[in-house]
Amino acid sequence: MEKISGLIFWIPVALFFSVFLFFVRWNMDRIRLSALALVLFFFIYQVLNHRHFEPPLLLAVRILGVFVSMLLLILFLKKQSR
């Protein structure tokens, strides 16, 4: 049942993502913004899936990764707004 519900969720998400990639006009700024956002989402996912038996230092490194990637994303957006 979990696999069926996973498919019900991921099939529309994959279709939307492929349509989104097709219709967006990609330039270098949007590629950089997407890369920075993906790194941020990766670290957020890692922090949210941290387990209690993993070392606390690993959680600290992941939180630092979230902070640094968010800072880089903010600086990039600030640079683009000028």
When you compare the side chain of [Y] with that of [X], does any pair of heavy atoms fall below 4.5 Å?
X   : Y   : value
K79 : L75 : no
V39 : F43 : yes
L72 : V68 : yes
E54 : L59 : no
W26 : S34 : yes

When hydrophobic residues are tied together by side-chain contacts of less than 4.5 Å, even through go-betweens, does [X] share a cluster with [Y]?
X   : Y   : result
M70 : L77 : yes
F42 : L73 : yes
I31 : F17 : yes
I74 : I63 : yes
L64 : L58 : no

Considering all heavy atoms of both residues, which atom of [X] and which atom of [Y] are nearest to each other, and what is their separation?
X   : Y   : result
I44 : V66 : N-CG2, 3.7 Å
L7  : P12 : O-CD, 4.2 Å
F76 : L36 : CB-CD1, 3.7 Å

key: Between CZ on residue F16 and CG on residue L21, distance to nearest 0.5 Å   = 9.5 Å
inquiry  = Rounded at 0.5 Å granularity, tell me how far CZ in R62 sits from OH in Y45.
reply    = 10.5 Å
